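When a residue number appears, it is its place in the shown sequence, counting from 1. Please read all numbers here as calculations on a predicted model, not as lab measurements.
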Amino acid sequence: QEHVAETLRNAITSERLAHAYLFSGPRGVGKTTAARILAKAVNCQTPLKDRPDAEPCRTCDSCQAFEAGRSMNIIEIDAASNNRVEDIRELRDTVRVPPQGAKKKVYILDEVHMLSASAFNALLKTLEEPPPYALFIFATTEPHKVLPTILSRTQRFDFRRIAVPEIVSRLEAICTAEGVTADEESLVLIARKGDGALRDALSLFDQALSLCGADLKAPALREALGVVDTDLYFATTDRAHGGDRPGLLQLVDGLVTRGYDLNEYVLGL
């Protein structure tokens, strides 16, 4: 998500951070991860002149406290399960307490579209007049469900689906780090099945390692993940071209018998 990262880097280095951000986009593309990195970078105690590209140093007390899960200045809230007015009132009360030994008190609200209308309204006043040390980062897969009054008080960043070559490149880096050997076809297969979501691709990669061991080969992986072989698509088009209706029905019957997902077959076709 280089377009988002570059803008946030500039905001940190020029000290022009907004008080509220909205990260929107499909699942598994890095919204919550970006929010955590931003929170860490904002509170990093290493001076900006010593941090190229405003990246968090990961060695200072603030960075280490966050990575160990004991930071009192970065609060993550799952709005799906904390979506009542009472939860937002509690948040409003804690906002009044300044950060302890850090520049900002950062609130990351995941799946913010799940808040009820009354909870959104309760949040409005805090967003209109936030204390100077407060930073809100909202993440959502459905920005159209967020109230316009909330949207107008945030800077919005739209995260895009991740392209297959980018996912393959990330998987290659993981293979190198983990000592896994995989042919390129296997990684492309996993990346395509991830459907633009890096998180989904990583889950599939873990599943592939469990099924096939540390040496991934495309034929075995196809069988293990239930991915329709490319040859079957060509067989389909050949039979359709030749007007072979019984042959097509037999082919689809074979797919059903072997337990393939027909939706995936149609999409692949």
* Within a reach of under 6.0 Å around CZ of Arg58, are more than 12 heavy atoms found that belong to other residues, nucleotides or ligands? -> no
Validation: residues 205-219 side-chain donor-acceptor distances under 3.5 Å, sequence neighbours left out:
{"from": "Ser210", "atom 1": "OG", "to": "Asp206", "atom 2": "O", "distance (Å)": "3.1"}
{"from": "Asp215", "atom 1": "OD1", "to": "Thr181", "atom 2": "OG1", "distance (Å)": "2.9"}
{"from": "Asp215", "atom 1": "OD1", "to": "Lys217", "atom 2": "NZ", "distance (Å)": "3.0"}
{"from": "Asp215", "atom 1": "OD2", "to": "Lys217", "atom 2": "NZ", "distance (Å)": "3.4"}

* To do: Check for a donor-acceptor pair, side chain of Arg192 on one end and backbone N or O of Val164 on the other, with a separation under 3.5 Å.
  => no
* To do: With the side chain counted from C-beta on, respond yes when Leu38 and Phe23 share a heavy-atom pair under 4.5 Å apart, and no when they do not.
  => yes
* Dump the intermediate steps for side chain to side chain contact (heavy atoms under 4.5 Å, CB included) on Val4 and Phe159, then the final yes or no. => CA-CA 7 Å; Val4 175; Phe159 284 60; 3.8 Å; yes
* Structure fact -> Between Ser118 and Val85 the two heavy atoms that sit nearest each other are OG-CG2, 3.2 Å
* Taking Arg89 for its side chain and Ala122 for its backbone only, find out whether a donor-acceptor pair lies under 3.5 Å. => no
* Asked: Can you check side chain to side chain contact (heavy atoms under 4.5 Å, CB included) on Asn82 and Ile88, steps first, answer last?
  -> CA-CA 8 Å; Asn82 298 279; Ile88 298 302; over 6 Å; no
* Criterion side chain to side chain contact (heavy atoms under 4.5 Å, CB included) on Ile77 and Asp110, from CA distance to verdict -> CA-CA 6 Å; Ile77 299 167; Asp110 218 349; over 6 Å; no
* **Partners passing side-chain contact (heavy atoms from CB on, under 4.5 Å) against Asp238 (at least two apart in sequence or in another chain)** => none
* Are any of the side-chain heavy atoms of Ser62 and Cys44 separated by less than 4.5 Å? -> no
* Tell me, yes or no, whether the heavy-atom count around His241 atom NE2, taken from other residues, nucleotides or ligands under 6.0 Å, exceeds 12. => no
* Asked: Measuring from Leu91:CG to Leu109:CG, what's the distance to the nearest 0.5 Å?
  -> 6.0 Å
* Asked: So, do Leu22 and Gln155 sit near enough that their side-chain heavy atoms are less than 4.5 Å apart?
  -> no
* Can you check whether Lys104's main-chain N or O pairs, donor with acceptor, with Asn43's side chain at less than 3.5 Å? -> yes
* Asked: Under the salt bridge (Lys or Arg N to Asp or Glu O under 4.0 Å) test, which residues partner Glu178, sequence neighbours left out?
  -> none
* **Any donor-acceptor pair under 3.5 Å from Ser71 side chain to Asn73 backbone** => yes
* Asked: Got Thr46 and Cys63 here, is their nearest side-chain heavy-atom distance under 4.5 Å?
  -> no
* Just wondering, more than 12 heavy atoms not from Arg9 lying within 6.0 Å of its CZ? -> yes
* Quick check: does any side chain N or O of Arg239 sit under 3.5 Å from a backbone N or O of Gly247, one acting as donor and the other as acceptor? -> yes
* Asked: Counting distance only, does the side-chain N/O of Asp53 pair as donor-acceptor with the main-chain N or O of Glu55 below 3.5 Å?
  -> no
* **ILVMFWY network linking Phe234 to Leu232, side-chain heavy atoms under 4.5 angstrom** => no
* Asked: Do any pairs count as a salt bridge (charged side-chain N to carboxylate O under 4.0 Å, His left out) and have a residue in residues 19-47, sequence neighbours left out, and if so which ones?
  -> Arg27-Asp200, Arg36-Glu76, Lys40-Glu67
* Asked: Leu198 and Val188: same hydrophobic cluster, using ILVMFWY side-chain contacts below 4.5 Å?
  -> yes
* Asked: Same cluster or not: are Val112 and Ile74 linked, directly or through other Ile, Leu, Val, Met, Phe, Trp or Tyr residues, by side-chain heavy atoms under 4.5 angstrom apart?
  -> no
* For side chain to side chain contact (heavy atoms under 4.5 Å, CB included), just list the numbers for Ile12 and Leu17, CA-CA rounded to whole Å, side-chain angles, deciding distance to a tenth of an Å, and then say yes or no. => CA-CA 6 Å; Ile12 294 169; Leu17 277 169; 4.2 Å; yes
* Give a yes or no on whether a salt bridge exists between Arg222 and Glu185, defined as a side-chain N under 4.0 angstrom from a carboxylate O. => yes
* Is Arg84 salt-bridged to Glu90, cutoff N-O under 4.0 Å? -> no
* Structure fact -> When every non-hydrogen atom of Leu171 is compared with those of Ala191, the smallest separation belongs to CD1-N, 4.5 Å
* Decide yes or no on side chain to side chain donor-acceptor pair (under 3.5 Å) for Asp183 and Ser186, but give the supporting numbers first. => CA-CA 6 Å; Asp183 57 11; Ser186 298; 2.3 Å; yes
* Asked: Can you hop from Phe120 to Tyr21 via hydrophobic side chains spaced under 4.5 Å?
  -> no
* So among Ile162, Asp158, Thr33, which one has a side-chain contact (heavy atoms from CB on, under 4.5 Å) with Gln1? -> Ile162
* Asked: Got Leu189 and Leu204 here, is their nearest side-chain heavy-atom distance under 4.5 Å?
  -> no
Kindly list each side-chain donor-acceptor pair under 3.5 angstrom involving residues 262-269, sequence neighbours excluded, with atom names and distances?
{"from": "Glu264", "atom 1": "OE1", "to": "Lys193", "atom 2": "NZ", "distance (Å)": "2.7"}
{"from": "Tyr265", "atom 1": "OH", "to": "Thr236", "atom 2": "OG1", "distance (Å)": "2.7"}

* With no hydrogens and no angle check, do the side chains of Thr7 and Asn10 hold a donor and an acceptor under 3.5 Å apart? -> no
Which atom pairs, donor and acceptor, lie under 3.5 Å between side-chain atoms of residues 127-148 and protein residues at least two apart or in another chain?
{"from": "Glu128", "atom 1": "OE2", "to": "Arg153", "atom 2": "NH2", "distance (Å)": "2.7"}
{"from": "Glu129", "atom 1": "OE2", "to": "Lys125", "atom 2": "NZ", "distance (Å)": "3.4"}
{"from": "Tyr133", "atom 1": "OH", "to": "Val95", "atom 2": "O", "distance (Å)": "2.8"}
{"from": "Tyr133", "atom 1": "OH", "to": "Arg96", "atom 2": "O", "distance (Å)": "2.9"}
{"from": "Thr140", "atom 1": "OG1", "to": "His113", "atom 2": "ND1", "distance (Å)": "2.7"}
{"from": "Thr140", "atom 1": "OG1", "to": "Glu142", "atom 2": "N", "distance (Å)": "2.9"}
{"from": "Glu142", "atom 1": "OE1", "to": "Lys145", "atom 2": "NZ", "distance (Å)": "2.8"}

* Please report the shortest heavy-atom distance between Asn83 and Ala119, naming the atom on each side. => O-CB, 3.5 Å
* Asked: Side-chain contact, heavy-atom cut-off 4.5 Å: Arg160 with His3?
  -> yes
* Please confirm whether the backbone N or O of Ala240 pairs with a side-chain atom of Asp244, one donor and one acceptor, at under 3.5 Å? => no
* Residues, nucleotides or ligands: over 12 heavy atoms within 6.0 Å of Gln64 CD -> yes
* Asked: Any donor and acceptor pair, going by atom type alone, linking the side chain of Glu15 with main-chain N or O of Thr13 inside 3.5 Å?
  -> no
* To do: Say whether Tyr107 and Leu8 are linked into one hydrophobic cluster, either directly or through other cluster members, by side-chain heavy-atom distances under 4.5 angstrom.
  => no
